[in-house]
Protein chains: 2
Amino acid sequence: MELKGKRILIVDDEEDLCEILQYNLSSEGYQTEIAHSAEEALKRSPGNFDLVLLDVMMGPISGFKFADKLRKELKIDVPVIFLTAKDTENDILTGFSLGADDYISKPFSVNELTARVKAVLKRSYTDKVNSKAIIQYNGIALDTVRKRLIINDERVELTKKEYEILRTLLENQGIVFSREDLLMRIWGQDVIVTERTVDVNITRLRTKLGQFGSSLKNKTGYGYFFEF
Amino acid sequence: MELKGKRILIVDDEEDLCEILQYNLSSEGYQTEIAHSAEEALKRSPGNFDLVLLDVMMGPISGFKFADKLRKELKIDVPVIFLTAKDTENDILTGFSLGADDYISKPFSVNELTARVKAVLKRSYTDKVNSKAIIQYNGIALDTVRKRLIINDERVELTKKEYEILRTLLENQGIVFSREDLLMRIWGQDVIVTERTVDVNITRLRTKLGQFGSSLKNKTGYGYFFEF
DNA sequence: GGTATTTGTTACTTAATTGTTACAATTTAG
DNA sequence: CTAAATTGTAACAATTAAGTAACAAATACC
(Lines give C-alpha, C1' and ligand atoms only; values in the text may rest on other atoms or scores of the structure.)
Protein backbone atom coordinates (compact mmCIF):
# COMPACT_ATOMS: atom_id res chain seq x y z
CA MET A 1 0.00 0.00 0.00
CA GLU A 2 1.20 3.47 -0.74
CA LEU A 3 0.31 5.85 2.00
CA LYS A 4 2.69 8.51 0.86
CA GLY A 5 1.12 11.26 -1.15
CA LYS A 6 -2.15 11.00 0.69
CA ARG A 7 -3.85 14.30 1.20
CA ILE A 8 -4.41 15.45 4.72
CA LEU A 9 -6.41 18.48 5.76
CA ILE A 10 -5.25 20.08 9.00
CA VAL A 11 -7.95 22.11 10.75
CA ASP A 12 -6.70 24.05 13.73
CA ASP A 13 -6.69 27.66 14.76
CA GLU A 14 -3.25 27.53 16.28
CA GLU A 15 -0.83 28.62 13.60
CA ASP A 16 2.18 27.14 15.28
CA LEU A 17 0.68 23.73 15.80
CA CYS A 18 -0.52 23.67 12.21
CA GLU A 19 2.96 24.31 10.99
CA ILE A 20 4.47 21.65 13.17
CA LEU A 21 1.89 19.19 11.95
CA GLN A 22 2.41 20.18 8.36
CA TYR A 23 6.15 19.98 8.62
CA ASN A 24 6.12 16.53 10.12
CA LEU A 25 3.49 15.07 7.85
CA SER A 26 5.15 16.54 4.79
CA SER A 27 8.45 15.01 5.69
CA GLU A 28 6.63 11.70 5.97
CA GLY A 29 5.54 12.18 2.39
CA TYR A 30 1.96 13.28 2.89
CA GLN A 31 0.45 16.23 1.13
CA THR A 32 -1.08 18.64 3.56
CA GLU A 33 -3.30 21.67 3.53
CA ILE A 34 -4.13 23.93 6.43
CA ALA A 35 -7.40 25.55 7.43
CA HIS A 36 -7.56 27.78 10.48
CA SER A 37 -11.27 27.50 11.03
CA ALA A 38 -14.20 25.26 10.26
CA GLU A 39 -15.41 27.77 7.71
CA GLU A 40 -12.10 27.75 5.93
CA ALA A 41 -12.00 23.97 6.04
CA LEU A 42 -15.36 23.73 4.32
CA LYS A 43 -14.03 25.88 1.50
CA ARG A 44 -11.31 23.37 0.80
CA SER A 45 -13.65 20.56 -0.20
CA PRO A 46 -12.88 18.34 2.76
CA GLY A 47 -14.48 15.42 0.97
CA ASN A 48 -11.55 15.28 -1.37
CA PHE A 49 -9.00 14.59 1.33
CA ASP A 50 -7.93 11.22 2.59
CA LEU A 51 -7.89 12.34 6.18
CA VAL A 52 -8.87 15.34 8.27
CA LEU A 53 -6.96 16.28 11.40
CA LEU A 54 -9.41 18.28 13.43
CA ASP A 55 -8.91 20.33 16.56
CA VAL A 56 -11.94 20.14 18.82
CA MET A 57 -11.24 23.45 20.54
CA MET A 58 -11.56 26.00 17.86
CA GLY A 59 -13.19 29.38 17.23
CA PRO A 60 -16.92 29.92 16.65
CA ILE A 61 -17.60 26.46 15.21
CA SER A 62 -16.02 23.77 17.32
CA GLY A 63 -14.39 20.75 15.84
CA PHE A 64 -17.32 18.68 17.03
CA LYS A 65 -19.83 20.84 15.22
CA PHE A 66 -17.71 20.76 12.12
CA ALA A 67 -17.50 16.97 12.19
CA ASP A 68 -21.20 16.71 12.74
CA LYS A 69 -21.92 18.92 9.77
CA LEU A 70 -19.48 16.94 7.68
CA ARG A 71 -21.18 13.65 8.42
CA LYS A 72 -24.84 14.48 8.72
CA GLU A 73 -25.34 17.48 6.51
CA LEU A 74 -22.73 17.10 3.83
CA LYS A 75 -22.64 13.30 3.90
CA ILE A 76 -18.89 13.30 3.67
CA ASP A 77 -17.30 10.37 5.43
CA VAL A 78 -13.67 11.21 5.09
CA PRO A 79 -11.64 9.74 7.96
CA VAL A 80 -11.26 12.17 10.86
CA ILE A 81 -8.74 12.26 13.68
CA PHE A 82 -9.56 14.61 16.55
CA LEU A 83 -6.93 16.64 18.28
CA THR A 84 -8.13 17.16 21.79
CA ALA A 85 -6.67 19.03 24.73
CA LYS A 86 -9.38 17.84 27.07
CA ASP A 87 -8.53 14.24 27.57
CA THR A 88 -11.82 13.38 29.20
CA GLU A 89 -13.72 10.26 28.29
CA ASN A 90 -16.73 12.34 27.56
CA ASP A 91 -14.93 14.36 24.96
CA ILE A 92 -13.54 11.30 23.36
CA LEU A 93 -16.88 9.55 23.26
CA THR A 94 -18.51 12.61 21.81
CA GLY A 95 -15.90 12.58 19.12
CA PHE A 96 -16.53 8.97 18.25
CA SER A 97 -20.28 9.41 18.26
CA LEU A 98 -19.70 12.04 15.63
CA GLY A 99 -17.88 9.56 13.49
CA ALA A 100 -14.27 10.16 14.43
CA ASP A 101 -11.83 7.46 13.45
CA ASP A 102 -9.32 8.19 16.13
CA TYR A 103 -8.20 10.90 18.53
CA ILE A 104 -4.92 12.26 19.79
CA SER A 105 -4.58 14.14 23.05
CA LYS A 106 -2.44 17.21 23.21
CA PRO A 107 0.37 17.36 23.85
CA PHE A 108 1.37 14.54 21.59
CA SER A 109 4.64 13.38 20.11
CA VAL A 110 5.36 13.40 16.41
CA ASN A 111 5.73 9.65 16.50
CA GLU A 112 2.34 9.27 18.02
CA LEU A 113 0.79 11.51 15.42
CA THR A 114 2.34 9.82 12.42
CA ALA A 115 1.52 6.40 13.83
CA ARG A 116 -2.15 7.27 14.21
CA VAL A 117 -2.32 8.91 10.82
CA LYS A 118 -0.77 5.89 9.21
CA ALA A 119 -3.09 3.53 11.02
CA VAL A 120 -6.22 5.41 10.07
CA LEU A 121 -5.18 5.74 6.46
CA LYS A 122 -4.37 2.06 6.40
CA ARG A 123 -7.73 1.13 7.82
CA SER A 124 -9.60 3.34 5.41
CA TYR A 125 -7.52 1.76 2.70
CA THR A 126 -8.22 -1.83 3.55
CA ASP A 127 -11.81 -1.43 4.63
CA LYS A 128 -13.09 0.69 1.81
CA VAL A 129 -12.86 0.62 -1.90
CA ASN A 130 -10.75 3.73 -1.50
CA SER A 131 -7.11 4.30 -2.31
CA LYS A 132 -6.44 1.87 -5.09
CA ALA A 133 -5.13 3.39 -8.28
CA ILE A 134 -7.82 1.71 -10.32
CA ILE A 135 -11.19 0.92 -8.88
CA GLN A 136 -13.46 -1.42 -10.76
CA TYR A 137 -17.21 -1.49 -10.68
CA ASN A 138 -19.10 -3.88 -12.91
CA GLY A 139 -17.78 -2.94 -16.33
CA ILE A 140 -16.35 0.38 -15.35
CA ALA A 141 -12.77 0.97 -14.23
CA LEU A 142 -11.95 4.30 -12.70
CA ASP A 143 -8.31 5.26 -12.82
CA THR A 144 -7.97 7.43 -9.76
CA VAL A 145 -4.44 8.47 -10.61
CA ARG A 146 -4.93 9.61 -14.16
CA LYS A 147 -8.50 10.63 -13.50
CA ARG A 148 -9.99 8.73 -16.34
CA LEU A 149 -12.25 5.84 -17.17
CA ILE A 150 -11.54 2.61 -18.87
CA ILE A 151 -14.61 1.23 -20.58
CA ASN A 152 -14.40 -1.63 -23.05
CA ASP A 153 -10.66 -1.31 -23.21
CA GLU A 154 -11.04 2.33 -24.16
CA ARG A 155 -9.69 5.29 -22.28
CA VAL A 156 -12.09 8.07 -21.55
CA GLU A 157 -10.56 11.21 -20.14
CA LEU A 158 -12.51 12.93 -17.40
CA THR A 159 -12.25 16.52 -16.29
CA LYS A 160 -11.82 17.31 -12.62
CA LYS A 161 -15.47 17.93 -11.94
CA GLU A 162 -16.60 14.96 -13.95
CA TYR A 163 -14.15 12.75 -12.14
CA GLU A 164 -15.21 13.90 -8.73
CA ILE A 165 -18.89 13.56 -9.41
CA LEU A 166 -18.48 10.12 -10.86
CA ARG A 167 -16.25 8.93 -8.08
CA THR A 168 -18.68 10.18 -5.49
CA LEU A 169 -21.58 8.42 -7.11
CA LEU A 170 -19.72 5.21 -7.82
CA GLU A 171 -18.42 4.94 -4.29
CA ASN A 172 -21.90 5.46 -2.93
CA GLN A 173 -23.98 3.46 -5.33
CA GLY A 174 -27.67 3.64 -4.77
CA ILE A 175 -27.41 6.70 -2.58
CA VAL A 176 -29.19 9.71 -4.00
CA PHE A 177 -27.19 12.93 -3.90
CA SER A 178 -29.13 16.15 -4.22
CA ARG A 179 -27.65 18.84 -6.39
CA GLU A 180 -26.86 20.70 -3.21
CA ASP A 181 -25.03 17.69 -1.75
CA LEU A 182 -22.87 17.49 -4.81
CA LEU A 183 -22.23 21.21 -4.96
CA MET A 184 -21.19 21.22 -1.32
CA ARG A 185 -19.01 18.19 -1.63
CA ILE A 186 -17.32 18.91 -4.89
CA TRP A 187 -17.56 22.60 -5.56
CA GLY A 188 -17.21 23.53 -1.92
CA GLN A 189 -18.93 25.76 0.56
CA ASP A 190 -18.63 29.16 -1.05
CA VAL A 191 -18.56 28.56 -4.76
CA ILE A 192 -21.77 29.99 -6.09
CA VAL A 193 -23.06 28.25 -9.14
CA THR A 194 -26.52 27.40 -10.36
CA GLU A 195 -27.85 24.03 -9.33
CA ARG A 196 -28.39 23.33 -12.99
CA THR A 197 -24.65 23.25 -13.39
CA VAL A 198 -24.80 19.81 -11.85
CA ASP A 199 -27.27 18.68 -14.49
CA VAL A 200 -25.00 19.77 -17.27
CA ASN A 201 -22.06 17.97 -15.76
CA ILE A 202 -24.18 14.88 -15.36
CA THR A 203 -25.13 15.01 -19.01
CA ARG A 204 -21.50 15.29 -19.98
CA LEU A 205 -20.64 12.36 -17.77
CA ARG A 206 -23.41 10.25 -19.22
CA THR A 207 -22.06 10.83 -22.68
CA LYS A 208 -18.58 9.82 -21.61
CA LEU A 209 -19.95 6.76 -19.83
CA GLY A 210 -21.22 5.43 -23.14
CA GLN A 211 -23.19 2.23 -22.62
CA PHE A 212 -23.16 2.89 -18.88
CA GLY A 213 -24.57 6.39 -19.25
CA SER A 214 -28.01 5.16 -18.33
CA SER A 215 -26.72 3.84 -15.02
CA LEU A 216 -26.22 7.38 -13.85
CA LYS A 217 -29.80 7.89 -12.82
CA ASN A 218 -31.97 10.73 -11.72
CA LYS A 219 -34.59 10.58 -9.03
CA THR A 220 -36.99 13.35 -9.88
CA GLY A 221 -37.20 15.89 -7.15
CA TYR A 222 -34.28 14.40 -5.24
CA GLY A 223 -31.11 14.20 -7.24
CA TYR A 224 -28.71 11.80 -8.89
CA PHE A 225 -27.42 8.36 -8.08
CA PHE A 226 -25.58 5.51 -9.68
CA GLU A 227 -27.06 2.06 -10.15
CA PHE A 228 -26.02 -0.55 -12.66
CA MET B 1 32.95 0.63 2.12
CA GLU B 2 36.52 0.06 1.15
CA LEU B 3 37.03 0.55 -2.54
CA LYS B 4 40.75 0.16 -2.34
CA GLY B 5 42.00 -3.30 -2.96
CA LYS B 6 39.15 -4.12 -5.30
CA ARG B 7 40.20 -6.33 -8.18
CA ILE B 8 39.89 -4.95 -11.67
CA LEU B 9 40.40 -6.87 -14.87
CA ILE B 10 41.62 -4.80 -17.80
CA VAL B 11 40.82 -6.30 -21.19
CA ASP B 12 42.41 -4.46 -24.10
CA ASP B 13 44.72 -5.43 -26.91
CA GLU B 14 46.70 -2.19 -26.80
CA GLU B 15 49.70 -2.87 -24.58
CA ASP B 16 50.40 0.79 -23.93
CA LEU B 17 46.91 1.63 -22.88
CA CYS B 18 46.76 -1.37 -20.59
CA GLU B 19 49.87 -0.23 -18.83
CA ILE B 20 48.60 3.30 -18.41
CA LEU B 21 45.38 1.97 -16.97
CA GLN B 22 47.19 -0.43 -14.72
CA TYR B 23 49.56 2.23 -13.48
CA ASN B 24 46.84 4.67 -12.64
CA LEU B 25 44.47 2.21 -11.06
CA SER B 26 47.25 0.66 -9.02
CA SER B 27 48.27 4.02 -7.68
CA GLU B 28 44.65 4.48 -6.60
CA GLY B 29 45.00 1.31 -4.63
CA TYR B 30 43.20 -1.14 -6.86
CA GLN B 31 44.58 -4.56 -7.76
CA THR B 32 44.67 -5.02 -11.49
CA GLU B 33 45.26 -7.79 -13.96
CA ILE B 34 45.63 -7.47 -17.69
CA ALA B 35 44.28 -9.59 -20.51
CA HIS B 36 45.09 -8.76 -24.12
CA SER B 37 42.22 -10.65 -25.67
CA ALA B 38 38.82 -11.99 -24.85
CA GLU B 39 40.22 -15.51 -24.79
CA GLU B 40 42.86 -14.56 -22.28
CA ALA B 41 40.31 -12.72 -20.20
CA LEU B 42 38.11 -15.80 -19.98
CA LYS B 43 41.04 -17.80 -18.63
CA ARG B 44 41.40 -15.40 -15.75
CA SER B 45 37.98 -16.14 -14.23
CA PRO B 46 36.44 -12.77 -14.87
CA GLY B 47 33.71 -13.60 -12.39
CA ASN B 48 36.16 -13.26 -9.56
CA PHE B 49 36.85 -9.62 -10.27
CA ASP B 50 34.96 -6.66 -8.89
CA LEU B 51 35.01 -4.84 -12.21
CA VAL B 52 35.98 -5.45 -15.81
CA LEU B 53 37.31 -2.67 -18.00
CA LEU B 54 36.59 -3.79 -21.51
CA ASP B 55 37.74 -2.37 -24.82
CA VAL B 56 35.05 -2.76 -27.46
CA MET B 57 37.51 -2.68 -30.38
CA MET B 58 39.60 -5.73 -29.93
CA GLY B 59 41.01 -8.61 -31.94
CA PRO B 60 38.96 -11.58 -33.15
CA ILE B 61 36.36 -11.44 -30.40
CA SER B 62 35.10 -7.92 -29.88
CA GLY B 63 34.38 -6.48 -26.49
CA PHE B 64 30.69 -6.71 -27.26
CA LYS B 65 30.85 -10.38 -27.99
CA PHE B 66 32.88 -10.97 -24.89
CA ALA B 67 30.39 -9.10 -22.75
CA ASP B 68 27.51 -10.98 -24.31
CA LYS B 69 29.14 -14.31 -23.62
CA LEU B 70 29.89 -13.24 -20.08
CA ARG B 71 26.30 -12.36 -19.35
CA LYS B 72 24.26 -14.84 -21.36
CA GLU B 73 26.45 -17.91 -21.56
CA LEU B 74 28.53 -17.79 -18.42
CA LYS B 75 25.94 -15.93 -16.38
CA ILE B 76 28.60 -13.78 -14.78
CA ASP B 77 27.30 -10.41 -13.85
CA VAL B 78 30.44 -8.68 -12.80
CA PRO B 79 30.21 -4.91 -13.40
CA VAL B 80 31.56 -3.88 -16.78
CA ILE B 81 32.80 -0.53 -18.05
CA PHE B 82 33.27 -0.25 -21.78
CA LEU B 83 36.17 1.59 -23.28
CA THR B 84 34.96 2.88 -26.60
CA ALA B 85 36.72 4.81 -29.29
CA LYS B 86 33.64 4.89 -31.40
CA ASP B 87 31.75 7.46 -29.50
CA THR B 88 28.55 6.93 -31.38
CA GLU B 89 25.45 6.74 -29.28
CA ASN B 90 24.51 3.55 -31.00
CA ASP B 91 27.63 1.86 -29.78
CA ILE B 92 26.96 3.03 -26.31
CA LEU B 93 23.42 1.76 -26.30
CA THR B 94 24.55 -1.58 -27.69
CA GLY B 95 26.93 -1.80 -24.80
CA PHE B 96 24.18 -1.18 -22.31
CA SER B 97 21.87 -3.68 -23.91
CA LEU B 98 24.66 -6.18 -23.25
CA GLY B 99 24.62 -5.27 -19.63
CA ALA B 100 27.30 -2.65 -19.33
CA ASP B 101 27.26 -0.51 -16.23
CA ASP B 102 29.00 2.49 -17.69
CA TYR B 103 31.23 3.51 -20.55
CA ILE B 104 34.24 5.70 -21.11
CA SER B 105 35.03 7.25 -24.45
CA LYS B 106 38.61 7.32 -25.63
CA PRO B 107 40.52 9.47 -25.23
CA PHE B 108 39.80 9.93 -21.58
CA SER B 109 41.55 11.60 -18.70
CA VAL B 110 42.87 9.71 -15.72
CA ASN B 111 40.47 11.61 -13.53
CA GLU B 112 37.54 10.52 -15.62
CA LEU B 113 38.66 6.92 -15.52
CA THR B 114 39.10 6.75 -11.79
CA ALA B 115 35.88 8.64 -11.17
CA ARG B 116 33.88 6.19 -13.28
CA VAL B 117 35.55 3.18 -11.77
CA LYS B 118 34.88 4.44 -8.29
CA ALA B 119 31.26 5.29 -9.13
CA VAL B 120 30.52 1.89 -10.61
CA LEU B 121 32.13 0.02 -7.74
CA LYS B 122 30.19 2.13 -5.31
CA ARG B 123 26.91 1.69 -7.11
CA SER B 124 27.28 -2.02 -7.50
CA TYR B 125 28.10 -2.20 -3.83
CA THR B 126 25.23 -0.12 -2.51
CA ASP B 127 22.41 -1.21 -4.75
CA LYS B 128 22.69 -4.22 -6.90
CA VAL B 129 19.44 -3.47 -8.62
CA ASN B 130 19.59 -0.05 -10.15
CA SER B 131 23.22 0.40 -10.80
CA LYS B 132 23.27 1.06 -14.48
CA ALA B 133 24.49 4.40 -15.70
CA ILE B 134 21.98 4.44 -18.52
CA ILE B 135 18.34 3.61 -18.06
CA GLN B 136 16.29 2.92 -21.14
CA TYR B 137 12.61 3.50 -21.62
CA ASN B 138 10.97 2.85 -24.96
CA GLY B 139 13.02 5.00 -27.29
CA ILE B 140 14.52 7.18 -24.61
CA ALA B 141 17.83 6.51 -22.90
CA LEU B 142 18.63 8.51 -19.83
CA ASP B 143 22.27 8.72 -18.89
CA THR B 144 22.04 9.13 -15.15
CA VAL B 145 25.74 9.78 -14.75
CA ARG B 146 26.19 12.44 -17.37
CA LYS B 147 22.70 13.83 -16.95
CA ARG B 148 21.70 13.69 -20.53
CA LEU B 149 19.39 12.01 -22.96
CA ILE B 150 20.10 9.85 -25.92
CA ILE B 151 17.33 10.02 -28.46
CA ASN B 152 17.73 8.74 -32.01
CA ASP B 153 21.44 8.44 -31.66
CA GLU B 154 21.65 12.05 -30.56
CA ARG B 155 22.88 13.45 -27.31
CA VAL B 156 20.68 15.97 -25.62
CA GLU B 157 22.16 17.75 -22.64
CA LEU B 158 19.81 18.36 -19.75
CA THR B 159 20.11 20.90 -17.00
CA LYS B 160 19.81 19.72 -13.42
CA LYS B 161 16.18 20.65 -13.02
CA GLU B 162 15.24 19.23 -16.37
CA TYR B 163 17.03 16.02 -15.56
CA GLU B 164 15.37 15.62 -12.22
CA ILE B 165 11.90 16.35 -13.50
CA LEU B 166 12.31 13.95 -16.36
CA ARG B 167 13.75 11.22 -14.21
CA THR B 168 10.95 11.58 -11.71
CA LEU B 169 8.33 11.35 -14.41
CA LEU B 170 10.03 8.53 -16.28
CA GLU B 171 10.50 6.45 -13.16
CA ASN B 172 6.88 6.96 -12.25
CA GLN B 173 5.21 6.71 -15.59
CA GLY B 174 1.51 7.28 -15.52
CA ILE B 175 1.55 8.91 -12.13
CA VAL B 176 0.34 12.47 -12.21
CA PHE B 177 2.53 14.86 -10.27
CA SER B 178 1.02 18.17 -9.28
CA ARG B 179 3.19 21.23 -9.58
CA GLU B 180 3.41 21.21 -5.83
CA ASP B 181 4.53 17.59 -5.79
CA LEU B 182 7.33 18.40 -8.18
CA LEU B 183 8.36 21.53 -6.35
CA MET B 184 8.50 19.59 -3.10
CA ARG B 185 10.41 16.71 -4.57
CA ILE B 186 12.87 18.54 -6.75
CA TRP B 187 13.16 22.07 -5.49
CA GLY B 188 12.72 21.06 -1.89
CA GLN B 189 10.67 21.93 1.11
CA ASP B 190 11.60 25.56 1.57
CA VAL B 191 12.50 26.90 -1.85
CA ILE B 192 9.88 29.45 -2.80
CA VAL B 193 9.20 29.65 -6.49
CA THR B 194 6.05 30.20 -8.50
CA GLU B 195 4.21 27.07 -9.52
CA ARG B 196 4.44 28.31 -13.09
CA THR B 197 8.15 27.67 -12.90
CA VAL B 198 7.30 24.03 -13.31
CA ASP B 199 5.41 24.78 -16.51
CA VAL B 200 8.36 26.56 -18.00
CA ASN B 201 10.67 23.71 -17.19
CA ILE B 202 8.19 21.29 -18.70
CA THR B 203 8.11 23.30 -21.90
CA ARG B 204 11.90 23.28 -22.06
CA LEU B 205 11.95 19.55 -21.48
CA ARG B 206 9.37 18.92 -24.15
CA THR B 207 11.49 20.75 -26.67
CA LYS B 208 14.54 18.70 -25.75
CA LEU B 209 12.53 15.49 -25.89
CA GLY B 210 11.86 16.09 -29.57
CA GLN B 211 9.53 13.45 -30.95
CA PHE B 212 8.84 12.29 -27.40
CA GLY B 213 7.87 15.75 -26.22
CA SER B 214 4.22 14.91 -26.53
CA SER B 215 4.63 11.99 -24.15
CA LEU B 216 5.19 14.43 -21.35
CA LYS B 217 1.54 15.06 -20.76
CA ASN B 218 -0.53 17.45 -18.76
CA LYS B 219 -3.78 16.63 -17.01
CA THR B 220 -5.59 19.90 -16.65
CA GLY B 221 -6.19 20.77 -13.05
CA TYR B 222 -3.95 18.02 -11.74
CA GLY B 223 -0.43 18.21 -13.08
CA TYR B 224 2.07 16.49 -15.33
CA PHE B 225 2.85 12.88 -16.11
CA PHE B 226 4.74 10.78 -18.61
CA GLU B 227 3.06 8.29 -20.89
CA PHE B 228 4.37 6.95 -24.16
C1' DG C 1 35.40 39.93 -11.46
C1' DG C 2 33.40 38.86 -15.72
C1' DT C 3 31.14 35.65 -18.83
C1' DA C 4 28.21 31.83 -19.78
C1' DT C 5 24.70 28.98 -18.34
C1' DT C 6 20.87 27.90 -15.78
C1' DT C 7 16.79 29.09 -13.58
C1' DG C 8 12.82 32.01 -12.50
C1' DT C 9 9.29 35.59 -13.61
C1' DT C 10 6.18 37.86 -16.24
C1' DA C 11 2.98 38.89 -19.77
C1' DC C 12 0.60 37.35 -23.28
C1' DT C 13 -1.51 33.64 -26.23
C1' DT C 14 -3.88 29.55 -26.74
C1' DA C 15 -6.46 25.73 -24.98
C1' DA C 16 -9.48 23.40 -21.86
C1' DT C 17 -12.80 23.40 -18.57
C1' DT C 18 -16.80 24.95 -16.48
C1' DG C 19 -21.08 27.64 -16.20
C1' DT C 20 -25.36 29.75 -18.12
C1' DT C 21 -29.14 29.90 -20.72
C1' DA C 22 -32.92 28.71 -23.66
C1' DC C 23 -35.63 25.46 -25.19
C1' DA C 24 -36.97 20.48 -25.69
C1' DA C 25 -38.23 16.29 -23.47
C1' DT C 26 -39.84 13.84 -19.69
C1' DT C 27 -42.04 13.12 -15.41
C1' DT C 28 -45.37 14.03 -11.94
C1' DA C 29 -49.67 15.39 -9.83
C1' DG C 30 -54.26 16.21 -10.05
C1' DC D 1 -55.09 13.50 -20.11
C1' DT D 2 -53.11 17.85 -19.32
C1' DA D 3 -50.62 21.49 -17.05
C1' DA D 4 -46.87 22.31 -14.10
C1' DA D 5 -42.64 20.96 -12.56
C1' DT D 6 -38.52 18.85 -13.38
C1' DT D 7 -34.83 17.26 -16.08
C1' DG D 8 -32.02 16.85 -20.53
C1' DT D 9 -29.15 19.06 -23.54
C1' DA D 10 -27.13 22.03 -27.23
C1' DA D 11 -24.94 26.25 -27.94
C1' DC D 12 -22.60 29.77 -26.34
C1' DA D 13 -20.03 32.57 -22.78
C1' DA D 14 -17.06 32.99 -19.00
C1' DT D 15 -13.55 31.35 -16.46
C1' DT D 16 -9.54 28.99 -15.46
C1' DA D 17 -5.46 26.48 -16.77
C1' DA D 18 -1.55 25.67 -19.61
C1' DG D 19 1.99 26.91 -23.30
C1' DT D 20 5.52 29.83 -24.34
C1' DA D 21 8.55 33.83 -25.63
C1' DA D 22 11.23 37.34 -23.77
C1' DC D 23 13.47 39.17 -20.27
C1' DA D 24 15.67 39.20 -15.49
C1' DA D 25 17.92 37.11 -11.74
C1' DA D 26 20.82 33.82 -9.91
C1' DT D 27 24.35 30.57 -10.22
C1' DA D 28 28.31 28.27 -12.00
C1' DC D 29 32.65 28.62 -14.32
C1' DC D 30 36.84 30.52 -15.62
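Worth knowing before you read on, the calculation uses all heavy atoms, side chains too, and leaves out hydrogens, waters and symmetry mates. Keep in mind that this is a model prediction, so the values were computed, not measured. Letters A, B, ... mirror the listed sequences (proteins, then strands); counts begin at 1.
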Checklist entry - Under 4.0 angstrom, heavy atoms only, what part of the nucleic acid is B:Thr194 near: base, sugar-phosphate, or nothing? => result sugar-phosphate
Item to check | B:Val200, nearest nucleotide to its side chain (from C:dT18, D:dT9, D:dT20) | outcome: D:dT20
Next on the checklist: If you take any heavy atom closer than 4.0 Å to DNA chain C, which residues from residues 204-228 of chain B end up in contact?
Outcome noted: B:Arg204, B:Thr220
Item to check | Audit row: A:Arg71, A:Asp101, salt bridge (charged side-chain N to carboxylate O under 4.0 Å, His left out) steps and yes/no | outcome: CA-CA 12 Å; A:Arg71 297 281 195 252; A:Asp101 293 76; 3.5 Å; yes
Next on the checklist: Whether the B:Gln22 and B:Thr32 side chains hold a donor-acceptor pair (N or O, under 3.5 Å, no angle test) is what I'd like checked.
Outcome noted: yes
Item to check | Salt-bridge contact A:Arg7-B:Asp181 (side-chain N to carboxylate O under 4.0 Å) | outcome: no
Checklist entry - Taking atom C1' of C:dG19 as reference, at what distance in whole Å does atom CZ of A:Arg196 sit? => result 12 Å
Next on the checklist: Both B:Ile192 and A:Lys160 contact DNA chain C. Which one's nearest nucleotide lies toward the 5' end?
Outcome noted: B:Ile192
Next on the checklist: Can you measure B:Arg148 atom CZ to C:dT5 atom C1' for me and round it to whole angstrom units?
Outcome noted: 17 Å
Checklist entry - Just how far, in rounded Å, is C1' of C:dT9 from CD1 of B:Ile202? => result 17 Å
Checklist entry - C:dA16 P sits how many Å from A:Glu157 CD, rounded? => result 12 Å
Next on the checklist: Measuring to OP1 and OP2 of C:dT7, would you say a side-chain N or O of B:Thr197 lies under 4.0 angstrom away?
Outcome noted: no
Item to check | Salt-bridge criterion met for A:Glu162 and A:Arg204 (N-O under 4.0 Å) | outcome: no
Checklist outcome for this item: Contact check, residues 176-187 of chain B vs DNA chain D, heavy-atom distance under 4.0 Å, returns B:Arg179
Checklist entry - Taking only N and O in the side chain of B:Asn201, is any of them less than 4.0 Å away from OP1 or OP2 of C:dG8? => result yes
Checklist entry - So, does A:Thr194 use its side chain to make a donor-acceptor pair with the main chain of A:Thr197 at under 3.5 Å? => result no
Next on the checklist: Under 6.0 Å from the ring centre and within 45 degrees of the ring axis: does the NZ or CZ of B:Arg146 meet both conditions for the six-membered ring of B:Tyr103?
Outcome noted: yes
Checklist outcome for this item: Taken to the nearest whole Å, CG/B:Leu158 to P/C:dT7 is 10 Å
Next on the checklist: On the six-membered ring of B:Tyr222, is A:Lys160 placed so that its NZ or CZ lies under 6.0 angstrom from the centre and within 45° of the ring axis?
Outcome noted: yes
Next on the checklist: Among C:dT18, D:dT9, D:dT20, which nucleotide has an atom closest to any side-chain atom of A:Asp199?
Outcome noted: D:dT9
Checklist entry - Does the separation of the ring centres of B:Phe82 and B:Phe64 fall below 6.0 angstrom? => result yes
Checklist entry - Could A:Arg179 and A:Asp199 be called an ion pair, given the rule that one side-chain N must be under 4.0 Å from one carboxylate O? => result yes
Checklist entry - Starting at CD of B:Glu195 and ending at P of C:dG8, how long is that distance when rounded to a whole Å? => result 13 Å
Mind listing the N/O atom pairs, protein and nucleotides 2-5 of chain D, below 3.5 Å?
none

Checklist entry - Between A:Glu164 and A:Lys147, does at least one N-O distance fall below 4.0 Å, as a salt bridge requires? => result no
Checklist entry - For B:Thr203 and D:dA21, is the shortest distance between a side-chain N/O and OP1 or OP2 below 4.0 Å? => result no
Checklist outcome for this item: Between B:Ile202 and the options B:Thr207, B:Leu216, B:Leu166, the side chain to side chain contact (heavy atoms under 4.5 Å, CB included) test singles out B:Leu216
Checklist entry - Base, sugar-phosphate, or nothing for A:Val193, non-hydrogen atoms under 4.0 angstrom? => result sugar-phosphate
Checklist entry - Under 6.0 Å between the ring centres of A:Phe226 and A:Phe228? => result yes
